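This report concerns only the one structure given below.
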Protein chains: 4
Amino acid sequence: MKVDGKSRILVAARTVISRHGSNRATVRAIAEEAGMSTGAIYHYYKNKDDILYDLLDESLSDSTRIAKGIAKQELGKDKVKKEILQKTEERLKKDAENRLQYHFAHEILLGNKELQLKFKQKYKEWTFRIEEILINVYGLEDTRLNQALTSWLLGAIDGVILQYLLDVNDNDVEDMMEVFELLLEKGLPPFIQLLNDK
Amino acid sequence: MKVDGKSRILVAARTVISRHGSNRATVRAIAEEAGMSTGAIYHYYKNKDDILYDLLDESLSDSTRIAKGIAKQELGKDKVKKEILQKTEERLKKDAENRLQYHFAHEILLGNKELQLKFKQKYKEWTFRIEEILINVYGLEDTRLNQALTSWLLGAIDGVILQYLLDVNDNDVEDMMEVFELLLEKGLPPFIQLLNDK
Amino acid sequence: MKVDGKSRILVAARTVISRHGSNRATVRAIAEEAGMSTGAIYHYYKNKDDILYDLLDESLSDSTRIAKGIAKQELGKDKVKKEILQKTEERLKKDAENRLQYHFAHEILLGNKELQLKFKQKYKEWTFRIEEILINVYGLEDTRLNQALTSWLLGAIDGVILQYLLDVNDNDVEDMMEVFELLLEKGLPPFIQLLNDK
Amino acid sequence: MKVDGKSRILVAARTVISRHGSNRATVRAIAEEAGMSTGAIYHYYKNKDDILYDLLDESLSDSTRIAKGIAKQELGKDKVKKEILQKTEERLKKDAENRLQYHFAHEILLGNKELQLKFKQKYKEWTFRIEEILINVYGLEDTRLNQALTSWLLGAIDGVILQYLLDVNDNDVEDMMEVFELLLEKGLPPFIQLLNDK
DNA sequence: TATGAATGAGGTTTCATTCAT
DNA sequence: AATGAATGAAACCTCATTCAT
């Protein structure tokens, strides 16, 4: 079955961006990886940014699907926690995907407004899903600090991912997850109670 | 008093890299900001990367000094907590400095080994300082998961900083700090107890 | 009724080249406008230049037909003058057609010999027609400067058309035509007498 | 004496643009002609258009200076006419300069607004100078059609220049000038009288 | 020390043209 | 007849770095 051009380019771009040590994700490099000429790229995409957008869309959709999946389930609370633990562990290990996301972050830092907007939108959705879970599973009430709490949780995961990408975190993922599990099981419940009581 | 060349260049580089929207930190831009010619830059530095290294050194030293300062103090526990809160709040607000650090992160992701090593070294030192504080202030014992815990704490702060840089975190810094304070005051003690009991 | 491929391409090319603001008349643009693929273009034409040649032929034939039409008519002198005035006014207003002609001019300036030859041939014919009219209507005799006079007349019209294309001529076409009419009616007769007397 | 970079580039650009048969005035070609690398060009000019603007400025300033020079002189009428004839003849023969101006015209046709504005401004000034001359030398009064008349005169010259550039005008410049002289000497006076009487 | 002109490799993008289907 | 994916050369431009002065 022939794979269509856009898909090939996206796969190649993802590969190139993720490749450790890859100097830069140039159009030339993407084209080479995709096995086409640079000109061919422009047959499918108007410009380089458009490739990035598609890639981001894909990448963000994945994350969102997972977040939604967990939040929407009519599972027992224990199952939800297990689900979160598993997905988080998987994410810590998805080097390529994480590398990609930080590539986007860098683009945004360089001033790419369009990318920033897309990212912000998705981030809002994620915090919303997390909040949903905290409410359903942990009994979080509607406090003034709900959003701040979810931001800290999301931030912690992102921060640890970055540590792994930069290779400055020597802990086994299993150890990190053990602490995380303890947090979810025993740490969060009383902490959320504190917030509710405020 | 004449400021020496290297200092001028470092200040200029910091400014240029941090400048919001500055698309690229070119040698030309740094030279211009420093009020010298591009050629002059190469009198003081062998190449552009060397500027980065010095800058990273400076930047990391700052952070380390703060961490050391807090850990070494023979202060009462309350004072230490206040110190941490204040420094953390300050850091969340130091846009330029944070932007700089993520610039380094990006360079490392692109495969700059030398930078990576320096970063790793410093990161080790930070986690050590944090652990020290957790031991002195919170009575953390020598558990197998000490390092994982400190990594989560450091990661959370880095992750939230990144959220602010990317402008995807709409919470006031004050709200974020309120949750953080609650964590330090009421959340951590029982959590550390759990770890000790394991 | 099916329109044959070449015609469709010519119409499309004319449209694209003439389109105000159209930055470039690419084969792709022509193909799109013609509702076919780029490949199809090359079924009908060996290369892009050949399209231009055909287009020029068409365009020049139009002008020539008009010139011939006026010259050949066994009309009264007044009718001929009216005819000239009307056709000239029409031409000043045909933005698309004029834009096309200056596109050809540009190609010639870039060194396209073939185009140059075709153009030259047609230009000769036009000056011949104009001369014919000057002889029949104004009684111009066979002077040494006949050709120079016709060149000035043709040149004036071309120059003014260019002014309009470049949007540097703010006069109403009606004002321009009023002066032109005065020239044809009252200015040329004595001037031609002068030439005859030389 | 060392020639400064901008001058060298301008001279080279002028040469390249003017060169008959030159396929296109690319930055590479200009750099080659100037004896520098393409990168060096960008040391002096932000982009290619800026070179064009400088070139146009120069070119237009020349024309304007000539127009001003003629108009401002407190010369006798005969001297002014001689001056006009001489300058016009010179211009018909300046192939390189004329080629340059039509290159600008083409850029404007492609939609370069900035260039268009500069051109329009200068064109206004020229028509003003011509009108001045017509008033001082030929006694033209303040009629409604003054501007239209000057546009025709300017247009005629531009049109004839284009004929020469395209090599479709086989007349000797001398013959063209003879007709032009006759126009200035004998043709214009009665024609302007007609306009005044309207 | 210092300048800034110059290089050259490499970036993104455009486009006429070819060719398997 | 027709498609449209693909090529490859060449366009403009950027930038770390070198070097004569």
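Chain A is the first sequence line, chain B the second, and so forth, proteins listed ahead of strands; every chain is numbered from 1. Worth saying up front: this structure is predicted, and the values here are computed from it rather than measured.
- Legend: residues meeting side chain to side chain donor-acceptor pair (under 3.5 Å) with A:Tyr45, ordered by chain and number and at least two apart, are A:Asp54.
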Only pairs under 3.5 Å count here: list side-chain donor-acceptor contacts from residues 35-44 of chain C, not counting sequence neighbours, and write none if there are none.
unit_1: C:Ser37; atom_1: OG; unit_2: C:Ala40; atom_2: N; d: 3.2

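- Every residue meeting the side chain to side chain donor-acceptor pair (under 3.5 Å) condition with B:Lys118, not counting sequence neighbours, appears here in chain and number order: B:Asp57.
- Whole-Å rounding puts the B:Asn112 CG to F:dA16 P distance at 14 Å.
- Regarding contacts with the backbone of F:dG4, every side-chain N or O of C:Ser37 stays at 4.0 angstrom or more from both OP1 and OP2.
- Counting to the nearest Å, the C1' atom of E:dG11 and the CD1 atom of A:Ile30 are 12 Å from each other.
- With sequence neighbours excluded, no residue forms a salt bridge (Lys or Arg N to Asp or Glu O under 4.0 Å) with B:Glu114.
- Between A:Leu162 and A:Asp158 there is no side-chain heavy-atom pair separated by less than 4.5 Å.
- Applying the side-chain hydrogen bond (donor to acceptor under 3.5 Å, both in side chains) test to pairs two or more places apart or on separate chains, those with a residue in residues 102-112 of chain A are A:Tyr53-A:Asn112, A:His106-B:His106.
- C:Tyr44 comes within 4.0 angstrom of the backbone, heavy atoms only, and of no base.
- Look at CD1 on B:Ile41: it is 13 Å from P on E:dG4, rounded to the nearest Å.
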task = Quick one, give me the B/S/- string for nucleotides 12-21 of chain E, reading 5' to 3', where B means a protein heavy atom under 4.0 Å from the base and S means that only happens at the primed atoms, P, OP1 or OP2.
result = BBBBSBB---
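- The salt bridge (Lys or Arg N to Asp or Glu O under 4.0 Å) search around C:Glu32 returns none, not counting sequence neighbours.
- The CD-C1' distance, from A:Glu32 to F:dG8, rounds to 14 Å in whole Å.
- Sequence order on DNA chain F of the closest nucleotides to C:His43 and A:Met36 puts C:His43 first from the 5' end.
- Atom-to-atom, OH of B:Tyr45 to P of E:dA2 comes out at 14 Å; the value is rounded to the nearest Å.
- A search for salt bridge (Lys or Arg N to Asp or Glu O under 4.0 Å) contacts involving C:Lys120 returns D:Asp167, D:Asp170, not counting sequence neighbours.
- Between the CD1 atom of D:Ile9 and the P atom of E:dG4 there is a distance of 17 Å, given to the nearest Å.
- The only option from A:Arg28, A:Arg8, A:Arg19, A:Arg14 that meets the salt bridge (Lys or Arg N to Asp or Glu O under 4.0 Å) definition with A:Glu33 turns out to be A:Arg19.
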ask   = Given pairs defined as Watson-Crick or G-U wobble with both distances under 3.5 Å, what dot-bracket annotation applies to DNA chain F, with ( ) intrastrand, [ ] crossing, | other strand and . unpaired?
value = .||||||||||||||||||||
